[in-house]
Visitor: 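Supplied in structure tokens, the structure appears directly below.
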There are 2 protein chains.
Amino acid sequence: MLNYSRTEENYIKAIYHLEAGKDSVSTNDLAESLQTKPASITDMLKKLKKKKLVSYQAYYGCRLTLEGKQLALMIIRRHRLWEYFLSQKLDFSWDEVHDVAEELEHVSSEKLINKLDAYLGFPRFDPHGDPIPDEKGAIANDKLISLNNQPENKPCIVSKIGNQSVSILEMLEQKNIAIKTRLEIIKKYPFDGSMEVKVGRSRTTILTKELAHNIFIKEV
Amino acid sequence: MLNYSRTEENYIKAIYHLEAGKDSVSTNDLAESLQTKPASITDMLKKLKKKKLVSYQAYYGCRLTLEGKQLALMIIRRHRLWEYFLSQKLDFSWDEVHDVAEELEHVSSEKLINKLDAYLGFPRFDPHGDPIPDEKGAIANDKLISLNNQPENKPCIVSKIGNQSVSILEMLEQKNIAIKTRLEIIKKYPFDGSMEVKVGRSRTTILTKELAHNIFIKEV
DNA sequence: ATAATTTTTTAGATTTGTCTAAATTTTTTT
DNA sequence: AAAAAAATTTAGACAAATCTAAAAAATTAT
């Protein structure tokens with residue numbers, strides 16, 4: 001994987017996100033998303049085509065090539081790992097992480113990112129519940145709902161744990177929470193984001209927002 | 001503190017380092033240090049002068065203004081904190097940290113840097129023994145020699161501890177090592193960088209390279 | 001103190017990513 | 001299917017940071 005400019009990376013990332021669903025991305029949509037003019041988009045698309053990151057035909061929009069998609073996944077990987085780091089280690093709140101991660105994602109040392117990944121315990125979802133691509137670009141295909149976003153008195157089932165660190169797993173084990181455990185929020189405390197939760201059919205326990213944020217659920 | 005381009009920041013940092021000792025920095029020295037041509041230096045110095053970061057007079061070199069110096073200290077703070085992070089948390093070796101930190105130092109969120117500082121335990125020296133400026137730009141004026149660089153059988157005195165984290169302080173306390181303790185390396189083990197050290201006059205103990213690296217000494 | 005050398009600056013060109021305004025192509029409307 | 005509207009591209013210009021080549025100033029040598 002070669003080195004690309006910050007601007008090129010931002011284009012690739014934007015195309016990746018816009019491409020979802022549609023079968024090609026229009027110049028205007030890209031201009032809107034990147035806060036720039038359509039003429040600039042055209043220029044850059046020609047350049048990215050020459051570098052084989054996108055397929056592009058005048059007047060018919062663009063798509064990422066395989067190589068472009070792989071690059072996009074690496075940028076997203078960096079972004080989400082940094083978000084995870086900021087939120088988990090530096091105690092940023094979830095709405096503050098995005099802008100800083102937007103900067104950090106362009107530091108492209110592979111060694112840095114892989115070591116950061118390991119240091120964080122190979123988390124599979126970022127603080128917003130979006131999946132983090134692994135070293136090879138493999139990515140879970142669904143966005144998860146965190147327990148934090150679940151209302152009171154609606155039973156749900158644990159489907160994923162957001163991080164594989166020993167500390168979280170040991171805590172969950174002690175609280176008898178695992179994949180497929182049935183949970184129901186009894187009461188949320190807005191003051192500190194903590195909540196009382198019924199585990200299975202009988203026992204209840206208190207979860208902090210940090211812990212609840214790493215418990216991803218499906219509604220029943 | 002306003003926002004400056006990556007290039008401007010690199011100029012400011014280079015001037016700061018070249019300025020030490022001399023009373024002005026020449027165009028040629030800067031060109032050498034930044035691997036660029038003297039003509040480019042002249043252009044940029046005019047620009048930095050307009051922004052009041054340097055004082056510059058044609059044919060007579062430049063100096064940082066107070067504002068420029070403050071900016072330089074912030075860039076150096078970022079650089080050294082990231083170096084510390086890479087070495088201490090991500091397990092980079094000391095000769096690998098520089099290049100990555102060179103990238104990370106340009107991410108300019110103050111909140112990020114201050115939180116990183118706190119997370120690392122407000123370290124005062126980076127992995128090379130260079131002092132880390134604090135939030136206000138205050139900086140210890142001496143580079144320290146780490147115990148790692150001390151030869152065998154030469155007594156020395158502990159003068160600083162490189163980081164104030166509870167974990168390191170508790171470890172040092174247990175080993176009876178504090179400021180002004182007399183140490184002498186009995187044997188170094190190149191395999192893992194650990195060493196056997198005489199503490200005071202009698203007791204000996206084993207120190208890992210990670211620990212020894214945070215013990216800064218004066219020769220006796 | 002004049003000549004030779006070195007250092008520094010100026011002038012004009014280049015690259016990257018952007019812009020505006022005009023031209024072209026596609027899409028929508030009637 | 002022609003006219004109108006919308007989307008896209010082209011052409012030419014600009015700012016940032018750089019370059020080369022030539023000119024100017026400062027320094028060193030004789």
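By convention in this document, chain letters (A, B, ...) are assigned in the order of the sequence lines, proteins followed by strands, and residues within each chain are numbered from 1.
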Visitor: Could you check how far CG of N28(A) sits from C1' of dT27(C), rounded to whole Å?
Guide: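 Whole-Å distance recorded here is 13 Å.
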Visitor: To the nearest angstrom, how far is K46(B) atom NZ from dT9(C) atom P?
Guide: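 After rounding, the reported distance stands at 8 Å.
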Visitor: Closer than 4.0 Å, any side-chain N/O of Y11(A) to the OP1 or OP2 of dT16(C)?
Guide: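 No.
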Visitor: If only side-chain N and O atoms count, and only distance matters, is there a donor-acceptor pair under 3.5 Å linking D192(B) with S194(B)?
Guide: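 Checked: S194(B)/D192(B) side chains pair up, N/O donor to acceptor below 3.5 Å.
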Visitor: Any chance you could list the contact pattern along nucleotides 22-27 of chain D? Use B for base contacts, S for sugar-phosphate-only contacts and - for none, protein heavy atoms under 4.0 Å, 5' to 3'.
Guide: --BSS-
Visitor: Whole angstroms only, please: what is the CG-P distance between D43(A) and dT8(D)?
Guide: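 So the CG-P distance, D43(A) to dT8(D), works out to 15 Å.
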Visitor: Heavy atoms only, 4.0 Å cut-off, all strands: where does T27(B) land among base, sugar-phosphate and nothing?
Guide: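 Contact class for T27(B): sugar-phosphate only.
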Visitor: To the nearest Å, how far apart are L34(A) CG and dT16(C) C1'?
Guide: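 Value for this atom pair: 16 Å.
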Visitor: Could you check how far CE of M44(A) sits from C1' of dT10(D), rounded to whole Å?
Guide: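 So the two atoms are 18 Å apart, to the nearest Å.
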Visitor: Let me know which of T7(A), I76(A), V54(A) forms a side chain to side chain contact (heavy atoms under 4.5 Å, CB included) with I12(A).
Guide: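 By the side chain to side chain contact (heavy atoms under 4.5 Å, CB included) criterion, I12(A) pairs with just one of T7(A), I76(A), V54(A): V54(A).
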Visitor: Under 4.0 Å between a side-chain N or O of K37(B) and OP1 or OP2 of dA21(D)?
Guide: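 The answer is no; no side-chain N or O of K37(B) sits under 4.0 Å from OP1 or OP2.
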Visitor: Return yes if some donor-acceptor pair links the side-chain N/O of R80(B) with the main-chain N/O of P133(B) below 3.5 Å, else return no.
Guide: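 Between the backbone of P133(B) and the side chain of R80(B) there is no qualifying donor-acceptor contact (under 3.5 Å).
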Visitor: So, for G193(B) and K209(B), which heavy atoms are closest and what is the spacing to 0.1 Å?
Guide: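 It is O-CB, 3.4 Å.
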Visitor: Per the side chain to side chain contact (heavy atoms under 4.5 Å, CB included) rule, which among T27(B), N28(B), V25(B) passes with I41(B)?
Guide: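 Filter result, single survivor: T27(B).
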Visitor: CG of N10(A) versus P of dT16(C): gap in Å, rounded?
Guide: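 Taking CG of N10(A) and P of dT16(C), I get 17 Å after rounding.
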Visitor: It should be established whether S5(B) places a side-chain nitrogen or oxygen under 4.0 Å from OP1 or OP2 of nucleotide dA16(D).
Guide: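 For dA16(D), OP1/OP2 do not have a side-chain N/O of S5(B) under 4.0 Å.
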Visitor: Reckon T42(B) has a side-chain N or O less than 4.0 Å from the OP1 or OP2 of dT9(C)?
Guide: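 Checking T42(B) against dT9(C): at least one side-chain N or O falls below 4.0 Å of OP1 or OP2.
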Visitor: Taking all non-hydrogen atoms of both residues into account, name the closest pair between S40(A) and Y11(A) and its distance.
Guide: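 In terms of heavy atoms, the two residues are closest at O-OH, 3.8 Å.
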Visitor: Does a side chain donor of either H79(A) or D126(A) reach within less than 3.5 Å of an acceptor in the other side chain?
Guide: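 No, no side-chain donor-acceptor contact under 3.5 Å.
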Visitor: Nearest-Å distance, CG (L48(A)) to P (dT16(C))?
Guide: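 Interatomic distance, CG of L48(A) to P of dT16(C): 13 Å.
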Visitor: What is the distance, rounded to the nearest whole Å, between atom CG of L30(A) and atom P of dT9(D)?
Guide: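 Nearest whole value for this atom pair: 11 Å.
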